[in-house]
2 protein chains.
Amino acid sequence: MTAALHDRVAQCLADADQRYTENRRLLVNAFLAKDRPMTVPELVAVIDGLPLSSAYRNLSVLQDAGVVTRIATSDDNGRYELTEGFSGHHHHHLVCEGCGIVVDIAASPTIERALRAAARRATQDHGFAITDHRIDLIGRCATCQR
Amino acid sequence: MTAALHDRVAQCLADADQRYTENRRLLVNAFLAKDRPMTVPELVAVIDGLPLSSAYRNLSVLQDAGVVTRIATSDDNGRYELTEGFSGHHHHHLVCEGCGIVVDIAASPTIERALRAAARRATQDHGFAITDHRIDLIGRCATCQR
DNA sequence: TCAAGACTGAGAATCATTATCATTATTGAC
DNA sequence: GTCAATAATGATAATGATTCTCAGTCTTGA
């Protein structure tokens, strides 16, 4: 199961003329271990001995190859997660405005349908070619509610 | 019309023990002039003579008072816009992944309804108290499509 | 086995944002 | 109106996440 996933990652990197090195494998495994977007400090804390500079460089390589995605948050640290093709399912995010943590939630068919219509309208009205979307529900996690 | 708006901004700042100074008024007017989220460099370019440090400090004050909202983007600059109560209408964003520009689009009732259901589910399943949401349609603007 | 080129990691550089602080402007009390 | 007390300003320095640099190491394919 995960072996097949690693093969696909390797293929994806190969297509981008990149190798699937030990550090990159450690990063992918860290993402598989937790199913929520993680910051670079979180990643290096989990991957013992990985230098910051290597973490950033390899995340950038994995991002260019389409294996991971960087998500923008309002707190200071960026967060990374496996691209949907690798994490398995289309999902959206629950964002805590207290601590900044981000949790994955399943997408609903109703929302997806409505979004397709909205994308069509955006193309008509503004000339945008829509390729993706992002939905965040914002609030406070159980911990931050005290 | 805009006079009433300025009164409401003044009230909002007063509630936060802040004054509605010239610089703050200039910022609010800049937001009214363009109806899309703007970066700090864009703002100081439009408001002649406004120092960067004053721009950042006053945006922060306006944000704490609930007059402007900072939106997170994946490019390097943050973007600010008037909070919905002041800009007039609930809206979502069209984001160009080429140049990073952000354009407002109207929210659709269908999506809003579906989001309320999703928020209910998030509370049940994850203990989050949802207070807001954010929808971005991501693609390429007419210019960046060449 | 060897050369070409990719990868690594320590440290320096970058750049948006924040903090500092002396100066200036505003306010409320008298 | 005058006078503290307090808030706002803006130049500059500091911060901190991210990116770049570069010399050394590892892979790969011939």
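The sequence lines fix the lettering, A, B, ..., with proteins before strands; numbering per chain opens at 1. Computed from a predicted structure; not experimentally measured. As a basis for the values below, the full set of heavy atoms in this structure was taken, side chains included, without hydrogen atoms, waters or symmetry mates.
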Practice item. Report the residue (Pro41(B) or Arg19(B)) whose heavy-atom-nearest nucleotide on DNA chain C is the more 5′ of the two. Key: Pro41(B)
Check your understanding: Taking for each residue the nucleotide of DNA chain C bearing the nearest heavy atom, is the 5' side occupied by Arg57(A) or by Leu52(B)?
Key ->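 By nearest-heavy-atom nucleotide position, the 5'-most residue is Arg57(A).
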Exercise for review: Would you check if Leu137(A) and Val95(A) make a side-chain contact, meaning some heavy-atom pair closer than 4.5 Å?
Suggested key: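 No, side chains not in contact.
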Check your understanding: Which nucleotide sits closest to the side chain of Asp76(B): dT17(C), dT8(C), dA16(C)?
Key -> dA16(C)
For [X], which contact category applies under a 4.0 Å heavy-atom criterion: base, sugar-phosphate, or nothing?
{"X": "Ser54(A)", "result": "base"}
{"X": "Asp17(A)", "result": "nothing"}
{"X": "Thr21(B)", "result": "sugar-phosphate"}

For [X] and [N], what is the distance between atoms [atom1] and [atom2] respectively, to the nearest whole Å?
{"X": "Tyr20(A)", "N": "dT8(C)", "atom1": "OH", "atom2": "P", "result": "12 Å"}
{"X": "Asp75(A)", "N": "dA17(D)", "atom1": "CG", "atom2": "P", "result": "10 Å"}
{"X": "Asp64(A)", "N": "dT18(D)", "atom1": "CG", "atom2": "C1'", "result": "14 Å"}
{"X": "Glu22(B)", "N": "dA25(C)", "atom1": "CD", "atom2": "P", "result": "13 Å"}
{"X": "Asn58(B)", "N": "dT17(C)", "atom1": "CG", "atom2": "P", "result": "15 Å"}
{"X": "Asn23(A)", "N": "dT25(D)", "atom1": "CG", "atom2": "C1'", "result": "13 Å"}
{"X": "Leu50(B)", "N": "dA11(D)", "atom1": "CG", "atom2": "C1'", "result": "13 Å"}
{"X": "Leu26(A)", "N": "dC7(C)", "atom1": "CG", "atom2": "P", "result": "15 Å"}

Review point. Does a donor on one side chain sit under 3.5 Å from an acceptor on the other, for Asn23(A) and Thr21(A)?
Key: no
**Study point:** Lys/Arg-Asp/Glu bridge criterion (N-O < 4.0 Å) met for Asp104(B), Arg36(B)
**Key:** no
**Study point:** Aromatic contact, His92(B) with His133(A) (centres under 6.0 Å)
**Key:**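 Not close enough - the centres of the two rings lie 6.0 Å or further apart.
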Exercise for review: Ignoring backbone atoms, establish whether Gln18(B) has a side-chain N or O less than 4.0 Å from OP1 or OP2 of dA8(D).
Suggested key: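 For Gln18(B), the contact criterion (side-chain N or O under 4.0 Å from OP1 or OP2 of dA8(D)) is met.
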Check your understanding: Any side-chain N or O of Tyr56(B) less than 4.0 Å from the OP1 or OP2 oxygen of dT18(C)?
Key -> no
Check your understanding: Regarding Arg25(B) and the six-membered ring of Tyr20(B), is the cationic atom NZ or CZ under 6.0 Å from the ring centre and inside 45° of its axis?
Key -> yes
